[in-house]
Structure formats: C-alpha cells, structure tokens
2 protein chains.
Amino acid sequence: MNDKGTSVAKSKIEEFSQEESRLADIAKALSHPARIKILKILSEMDVCMCGEIVDLLPLAQATVSQHLKELKRVGLIQGDIEGPKTCYCINTNSINEAYSQIQNYFDTINKECKRSCKTNKK
Amino acid sequence: MNDKGTSVAKSKIEEFSQEESRLADIAKALSHPARIKILKILSEMDVCMCGEIVDLLPLAQATVSQHLKELKRVGLIQGDIEGPKTCYCINTNSINEAYSQIQNYFDTINKECKRSCKTNKK
DNA sequence: TTTCTTTATCGTATAATTGCGATGAACGAT
DNA sequence: ATCGTTCATCGCAATTATACGATAAAGAAA
C-alpha cells in the first residue's frame with residue numbers, strides 16, 4: 001500500500017515496442033476478408049488491373065480502391081500507373097518480411113508456452 | 001458492352017468464403033499492439049491474473065479487460081474465474097490452429113506467386 | 001458483517017473503419 | 001477536340017474500435 005491507500009503497481013510501461021506495433025499493423029492490413037482475398041487474387045494473377053479485382057469482390061470500385069490503398073500503406077502490394085489503368089502486384093519482399101515476423105512471433109509463443117509449462121507445473 | 005453502355009462485368013461474388021473470414025478475424029484479434037503483447041505475456045507466464053497484465057501495459061484496467069475479451073472471442077485465450085480473480089491462459093490448440101491457417105495462407109501465396117511469374121513472364 | 005481486492009461491465013467520448021455514390025484526373029481512341 | 005474507360009479521391013453515413021472513469025459483483029479477509 002502507498003499513502004493513497006492504493007496498491008503499489010509495478011511501474012507501467014509507457015508504450016509498445018516497435019516490433020509489437022509493426023506486427024499489429026501487418027495484422028490490421030490482413031484484418032478484412034476483402035484484403036485477404038485481394039492478396040490471394042494478386043498471387044494468382046502475378047499482375048492485375050484494379051477493375052479485375054473489383055469484378056472478383058462483392059464491393060464497389062471505390063471501396064476496393066480503399067482496400068488496395070491500405071495494403072499499399074503497409075507495403076504488401078505495389079501499384080504502378082499505366083495510362084488510365086493501375087497495375088497492382090504483390091511486393092514479394094514485403095510479404096516475406098511480414099511472414100517472417102509472424103512466424104517468429106508464433107514460434108516464440110509456442111516455445112515460451114512449453115518452457116513456462118514445465119517450469120510452473122513441473 | 002451491354003445495352004446500358006457499361007462494360008460487362010463477370011458476375012460478382014456475393015460474399016467471402018468462410019476461410020477468408022476466419023483468417024481476417026484472427027488477424028483482427030492480432031491487430032492491436034496490446035493484444036500482441038498480452039499473448040506474449042501469457043506465453044511467458046503460463047497462467048496470469050488480469051491485474052498482472054494490467055501492470056505490464058500502458059492502459060487502464062477497463063481497457064485491458066476489453067482486449068482480453070476480444071482475444072477470448074476468437075478463442076486464442078481462455079479465462080477461468082478463481083474467486084475474485086480471473087486466471088487467463090493461452091489456448092494452445094486455438095493458437096496452433098490459427099498459426100496453421102496463417103501458414104497455409106502465406107505458403108499458398110508464395111507458391112502461387114512463383115507459378116504465375118513463370119507462366120506470365122516465361 | 002464490514003471492508004478490501006479484483007475484475008467485468010456500463011456509460012460516454014472520440015477516433016477509425018467500412019461502404020458507396022459522385023466527381024475529377026489521366027489517358028486512349030475516335 | 002470529344003468521348004469513353006479506368007481509377008483515386010471526396011464527401012457523407014453508419015458502424016465499430018479504443019480508451020477510461022465509475023460502478024457493480026464476487027469473493028477473501030478482518
């Protein structure tokens with residue numbers, strides 16, 4: 001107890017780590033079925049016009065354009081303007097980097113789970 | 001062209017697949033640094049009281065409780081009430097299931113990318 | 001019983017996301 | 001130059017997420 005009658009908390013952290021924030025940001029980009037599907041479509045087509053993607057999704061063109069923008073924001077795809085069209089494709093390096101980050105996260109969790117189980121439940 | 005002067009679109013899909021929705025839902029649960037950190041904390045502690053988690057995050061107790069609820073919603077953790085306390089722990093099965101789903105998704109994308117590159121750019 | 005501790009939930013405020021029609025910019029085709 | 005196509009952006013509405021103080025419930029401790 002301290003002088004205010006409240007329990008003494010261990011000092012709280014001020015913010016999240018860069019790794020945690022980046023991972024959350026990647027997850028956010030993947031947190032909508034439309035964006036999950038867009039990446040799948042792009043992987044199958046290599047490159048792809050925006051209009052083709054629109055036709056494969058149950059969403060309006062303006063909405064699809066927004067989802068593409070979000071995927072571009074985190075770097076998972078890139079869009080090159082070709083005249084009136086825009087040619088989208090997967091950024092392979094960025095996808096692999098994101099996947100590594102995710103794998104590292106889950107692998108660490110699994111390893112820690114096993115370790116702490118042994119320690120605590122001996 | 002059709003009679004309305006617009007280009008004939010291939011029939012649009014009505015909704016997203018269950019797999020796409022589930023994957024997006026998992027990603028949504030991981031789309032906040034607090035929830036990324038909570039899973040890491042739980043993996044290190046095996047089991048953990050809510051209060052301990054609160055002390056390790058830069059957030060109020062009510063907010064942390066909400067994040068725990070979201071993780072519970074998608075099944076990644078479980079919380080067992082022990083008297084006035086609640087004991088949280090990772091749901092190992094659910095985490096592994098989620099990880100498999102994610103791995104399958106990224107592996108498919110990578111495979112398709114290589115295939116379509118060969119096909120299109122021969 | 002009364003008090004303390006712990007945690008979920010309520011209420012509320014603010015911000016972010018999602019979705020779409022309308023518009024405009026850029027370009028090719030006529 | 002005019003028209004048609006393609007796509008990003010704007011403006012708006014509706015929904016959802018985030019955050020936190022206050023409160024309530026449930027039990028432990030006194």
Side-chain angles (χ1 to χ4, degrees), chain A residues 1-2 4-10 12 14-16 20-21 24-25 27-38 47-74 77-89, chain B residues 1-9 12 14-16 20-21 24-25 27-38 47-74 77-89:
Chain A
M1 289 291 198
N2 60 15
K4 289 189 187 115
T6 58
S7 69
V8 180
K10 307 91 207 165
K12 298 193 78 163
E14 289 305 310
E15 45 184 82
F16 297 105
E20 284 155 0
S21 297
D25 210 35
K28 188 152 74 73
L30 299 174
S31 71
H32 193 290
R35 298 196 286 269
I36 291 286
K37 181 146 190 179
I38 287 172
V47 293
C48 192
M49 299 304 130
C50 176
E52 302 181 79
I53 302 170
V54 171
D55 290 336
L56 294 169
L57 297 178
L59 296 168
Q61 182 267 322
T63 309
V64 172
S65 197
Q66 271 185 318
H67 285 304
L68 288 166
K69 192 179 179 182
E70 170 68 9
L71 287 171
K72 222 158 64 171
R73 183 186 65 79
V74 289
I77 67 173
Q78 57 190 104
D80 303 306
I81 297 168
E82 292 190 359
K85 302 185 178 185
T86 304
C87 179
Y88 283 99
C89 65
Chain B
M1 290 293 198
N2 61 13
D3 57 354
K4 290 189 187 114
T6 58
S7 68
V8 180
K12 300 193 76 164
E14 289 307 308
E15 47 184 85
F16 297 105
E20 284 154 0
S21 296
D25 210 36
K28 188 151 73 74
L30 299 173
S31 71
H32 194 291
R35 296 195 289 267
I36 291 285
K37 182 146 189 178
I38 287 171
V47 294
C48 193
M49 298 304 132
C50 174
E52 302 181 79
I53 301 171
V54 171
D55 290 337
L56 294 169
L57 297 179
L59 296 169
Q61 182 268 323
T63 309
V64 173
S65 197
Q66 272 185 318
H67 285 303
L68 288 166
K69 193 179 178 183
E70 170 67 10
L71 287 171
K72 223 160 61 172
R73 184 187 64 79
V74 290
I77 67 173
Q78 58 191 103
D80 303 305
I81 298 169
E82 291 191 357
K85 303 185 179 185
T86 304
C87 179
Y88 284 99
C89 66

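Computed from a prediction, not measured in an experiment: that's the story for all the values here. Naming convention: chains lettered A, B, ... in sequence-line order (proteins, then strands); numbering from 1 in each chain.
- Atom CD1 of A:Ile36 is separated from atom P of C:dT18 by 12 Å (rounded to the nearest Å).
- A straight line from CG of A:Asp55 to C1' of D:dC7 spans 13 Å, rounded to a whole angstrom.
- Side-chain contact between A:Asp55 and A:Glu52 is absent, with no heavy atoms from C-beta onward closer than 4.5 Å.
- Here A:Thr86 reaches the OP1 or OP2 of D:dA8: one of its side-chain N or O atoms lies under 4.0 Å away.
- Heavy-atom distances to DNA chain C give each of A:Ser31 and B:Cys50 a nearest nucleotide, and the one nearer the 5′ end belongs to B:Cys50.
- Between the C1' atom of D:dC7 and the CD1 atom of A:Ile77 lies a distance of 13 Å, rounded to the nearest Å.
- Spacing between atom NZ of A:Lys72 and atom P of D:dA8 amounts to 6 Å, rounded to whole angstrom units.
- If you check every strand for non-hydrogen atoms under 4.0 Å, B:Leu59 touches sugar and phosphate atoms only.
- If you measure from atom CZ of B:Arg73 to atom P of D:dT18, you get 11 Å, rounded to the nearest angstrom.
- The phosphate of C:dT17 has neither OP1 nor OP2 within less than 4.0 Å of any side-chain N or O from A:His67.
- A:Tyr88 and A:Gly79 get closest at one heavy-atom pair: CD2-CA, 3.7 Å.
- The interatomic distance linking B:Lys69 (NZ) with D:dC20 (C1') rounds to 15 Å, in whole Å.
- Atom CD1 of residue B:Ile38 and atom NE2 of residue B:His32 lie 9.0 Å apart, to the nearest 0.5 angstrom.
- For the pair B:Glu70 CD and C:dT17 P, the interatomic distance rounds to 15 Å; values are reported in whole Å.
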Distance-only donor-acceptor pairs under 3.5 Å for side chains of residues 56-72 of chain B, two or more places apart:
from: B:His67; atom 1: ND1; to: B:Arg35; atom 2: NH1; distance (Å): 2.9
from: B:Glu70; atom 1: OE1; to: B:Arg73; atom 2: NE; distance (Å): 3.0
from: B:Glu70; atom 1: OE2; to: B:Arg73; atom 2: NH2; distance (Å): 2.9

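- Here A:Tyr88 reaches the OP1 or OP2 of D:dA8: one of its side-chain N or O atoms lies under 4.0 Å away.
- Counting any heavy atom pair closer than 4.0 Å across all strands shown, B:Gln66 reaches a base atom.
- Closest approach of B:Val74 to B:Ala29, counting heavy atoms only: CG2-CB, 3.4 Å.
- Contact check for B:Cys89 versus B:Gln78: side-chain heavy atoms found under the 4.5 Å cut-off.
- Considering only side-chain atoms of B:Lys85, the nucleotide from C:dG19, C:dT6, C:dA8 that sits closest is C:dT6.
- Two residues are said to be in side-chain contact when any heavy atoms from C-beta on lie closer than 4.5 Å; A:Lys37 and B:Phe16 meet this criterion.
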Do any N or O atoms of the protein come closer than 3.5 Å to N or O atoms of nucleotides 21-26 of chain D, and which pairs are they?
none

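- Between B:Leu57 atom CG and D:dC20 atom C1' there is a gap of 15 Å when expressed in whole angstrom units.
- Atom CD1 of A:Ile81 is separated from atom SG of A:Cys87 by 11.0 Å, given to the nearest 0.5 angstrom.
- When heavy atoms are screened at a 4.0 angstrom cut-off, A:Lys28 is found touching the sugar-phosphate backbone but no base atom.
- Between B:Glu82 and A:Ser65, the residue anchored closer to the 5' end of DNA chain D is A:Ser65, taking for each the nucleotide with the nearest heavy atom.
- At a threshold of 4.0 angstrom between heavy atoms, the contacts of A:Leu68 with the nucleic acid are absent.
- Of the listed nucleotides (D:dA19, C:dT7, D:dC7), D:dA19 has the atom at the smallest distance from the side chain of B:His32.
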